[in-house]
Amino acid sequence: MKLPSKITSYSESVISKFLPILVVLQNNQTGVFALYEATVKHFNNIEEFIDTLDCLFALQRIKYDAEHEVLSYVV
């Protein structure tokens, strides 16, 4: 996980990737793969995407509904 530092700029950090995911999830629930397809241009690779999801889960900004297999924004 990349956090902003002297070496890593904010735009390269995982924190800057929060917004694209939250914007998509704010409007509706979506599956993980559909979310990745909608935001792929903001990530260099799948690892960055997963790291960003991990951080958002840890911050309790998103949740996963296993029954419906969708992610949603937590208000």
Side-chain angles (χ1 to χ4, degrees):
M1 170 181 9
K2 291 183 179 179
L3 295 175
S5 66
K6 290 180 180 180
I7 298 170
T8 306
S9 69
Y10 172 78
S11 62
E12 296 173 344
S13 73
V14 70
I15 296 171
S16 70
K17 313 294 189 207
F18 287 177
L19 187 60
I21 289 177
L22 293 176
V23 166
V24 172
L25 291 178
Q26 197 168 23
N27 298 326
N28 55 7
Q29 297 178 346
T30 186
V32 176
F33 185 69
L35 179 62
Y36 180 68
E37 286 181 326
T39 60
V40 69
K41 66 181 179 184
H42 299 283
F43 299 97
N44 294 327
N45 53 44
I46 192 81
E47 184 180 345
E48 279 186 351
F49 176 73
I50 298 298
D51 283 345
T52 305
L53 289 181
D54 286 344
C55 289
L56 289 169
F57 276 116
L59 295 170
Q60 298 179 351
R61 298 290 42 162
I62 61 174
K63 66 178 180 177
Y64 181 71
D65 181 357
E67 182 178 326
H68 297 103
E69 298 182 351
V70 293
L71 291 166
S72 60
Y73 180 74
V74 176
V75 179

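Along the sequence shown, residues carry numbers from 1. Given the structure is predicted, the values throughout are model-derived calculations rather than measurements.
Closest non-hydrogen pair, D65 versus H68, comes out as OD2-ND1, 2.7 Å. Listed here is the closest heavy atom pair of P20 and S16: CD-O, 3.9 Å.
Linking ILVMFWY side-chain heavy atoms closer than 4.5 Å, directly or via other members, places L56 and V75 in a single hydrophobic cluster. Following chains of ILVMFWY side-chain contacts shorter than 4.5 Å, one cannot reach L71 starting from V74, and the two form parts of different hydrophobic clusters.
Expressed to the nearest 0.5 Å, how far CG of L53 lies from OG1 of T39 amounts to 8.0 Å. Annotation: the span from Q26 atom CD to L19 atom CG amounts to 9.0 Å, rounded to 0.5 Å. Note that NZ of K17 is 11.0 Å distant from CG of D51, once rounded to the nearest 0.5 Å. Atoms OG and CD1, from S72 and I62 in turn, are 8.5 Å apart once rounded to the nearest 0.5 Å. Taking CD of E69 as the start and OH of Y64 as the end, the distance is 4.5 Å to the nearest 0.5 Å.
When each of F18, F33, Y36 is tested with F49 by the rule ring pair (Phe, Tyr, Trp, His ring centres under 6.0 Å), just one qualifies, namely Y36. The side chain to side chain contact (heavy atoms under 4.5 Å, CB included) test with L35 is passed by exactly one of V70, I21, V40: I21.
Of the possible polar contacts, none joining the R61 side chain to the Y73 backbone as a donor-acceptor pair under 3.5 Å is found. Within the 3.5 Å criterion, the main-chain N or O of F57 finds no donor-acceptor partner in the side chain of D54.
Annotation for I46: atom CD1 counts as buried by contact number, over 12 foreign heavy atoms lying within 6.0 Å.
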